[in-house]
Amino acid sequence: MASNCHLTSTDGTPFIDISLYQSIVGSMQYLALTRPDLAFVVHKVSKFMHNPLDTHWLTVKHILRYLNHLVLTGLFIARNVDFKL
C-alpha cells in the first residue's frame, strides 16, 4: 500500500459482516509482528474495526492476495550443513 493512500470512514458503504472483518484484521495484527512489510497497512485497516466499509474490505482482500502470493517465499535452512568461517 502506498503511504499516500488514504482510507476514510466516509467513503463507501457499510460492510455487512463486521465480525468477519474484525476476525481477519485481528489475525493480521498478530502476523504484522513478524512481517514488518505488513505493519503499516494492517495498522491502516485496523483503525476501522468498529465500522468497516466496503473500501476497507477491498484493502483487506488485497493484503490477503499479497500474502497468498508470498506463501512459498522464505529462507531455507538445512539442519545438517557444516558452516565454516
Side-chain angles (χ1 to χ4, degrees):
M1 179 174 183
S3 61
N4 61 356
C5 182
H6 298 287
L7 294 174
T8 64
S9 61
T10 58
D11 293 338
T13 58
F15 185 63
I16 295 170
D17 195 356
I18 294 175
S19 63
L20 174 67
Y21 183 89
Q22 291 172 341
S23 174
I24 291 176
V25 173
S27 298
M28 282 196 280
Q29 286 177 333
Y30 285 107
L31 184 62
L33 294 173
T34 60
R35 300 286 306 261
D37 56 335
L38 296 176
F40 175 75
V41 69
V42 170
H43 169 71
K44 286 288 193 183
V45 295
S46 67
K47 292 195 295 187
F48 303 102
M49 296 269 280
H50 62 285
N51 189 19
L53 302 177
D54 286 339
T55 55
H56 306 139
W57 177 245
L58 291 176
T59 306
V60 169
K61 285 181 18 179
H62 187 75
I63 297 168
L64 292 173
R65 279 188 229 112
Y66 172 77
L67 288 172
N68 188 34
H69 184 295
L70 295 178
V71 167
L72 299 176
T73 304
L75 291 175
F76 176 71
I77 301 174
R79 296 190 312 193
N80 299 327
V81 177
D82 186 24
F83 292 109
K84 294 182 181 179
L85 294 177

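Scope of the values below: all heavy atoms of this structure, side chains included, with no hydrogens, waters or symmetry mates.
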Does some side-chain heavy atom of [Y] sit less than 4.5 Å from a side-chain heavy atom of [X]?
X	Y	answer
Val25	Met49	yes
Asn51	Ser9	no
Leu38	Pro36	no
Met28	Val60	yes

Knowing that exactly one of Thr13, Ile16, Thr59 qualifies, which makes a side chain to side chain contact (heavy atoms under 4.5 Å, CB included) with Asp54?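 When Thr13, Ile16, Thr59 are each tested with Asp54, the side chain to side chain contact (heavy atoms under 4.5 Å, CB included) holds only for Thr13.
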Would you find a donor on one side and an acceptor on the other, under 3.5 Å apart, between the side chain of Ser27 and the backbone of Ser23?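 A pair under 3.5 Å: yes.
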Check for a donor-acceptor pair, side chain of Ser46 on one end and backbone N or O of His43 on the other, with a separation under 3.5 Å. yes
List the steps and the verdict of side-chain contact (heavy atoms from CB on, under 4.5 Å) for Val41 and Tyr66. CA-CA 12 Å; Val41 69; Tyr66 172 77; over 6 Å; no
For the atom pair NE2 (His56) and NZ (Lys61), what is the distance rounded to the nearest 0.5 Å? 14.5 Å
Distance check, rounded to the nearest 0.5 Å: Asn68 atom CG versus Ile63 atom CD1? 13.5 Å
Parallel, tilted or perpendicular: rings of Trp57 and Phe15 (30°, 60°):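 Plane angle under 30°, so parallel.
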Would you say the side-chain atoms of Thr55 and Asp11 include a donor-acceptor pair closer than 3.5 Å? no
Are [X] and [Y] connected, step by step, through hydrophobic side chains (Ile, Leu, Val, Met, Phe, Trp, Tyr) whose heavy atoms are closer than 4.5 Å?
X	Y	result
Val45	Leu31	yes
Leu67	Tyr21	yes
Leu70	Leu64	yes

Of all heavy-atom pairs linking Phe48 and Leu7, the shortest is CZ-O, 3.3 Å
Which heavy atom of Ala32 sits nearest a heavy atom of Ala39, and at what distance? CB-CA, 4.0 Å
Heavy-atom count check: over 12 atoms from other residues, nucleotides or ligands less than 6.0 Å from His69 NE2?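 Atom NE2 in His69 is not packed in, count stays at 12 or less.
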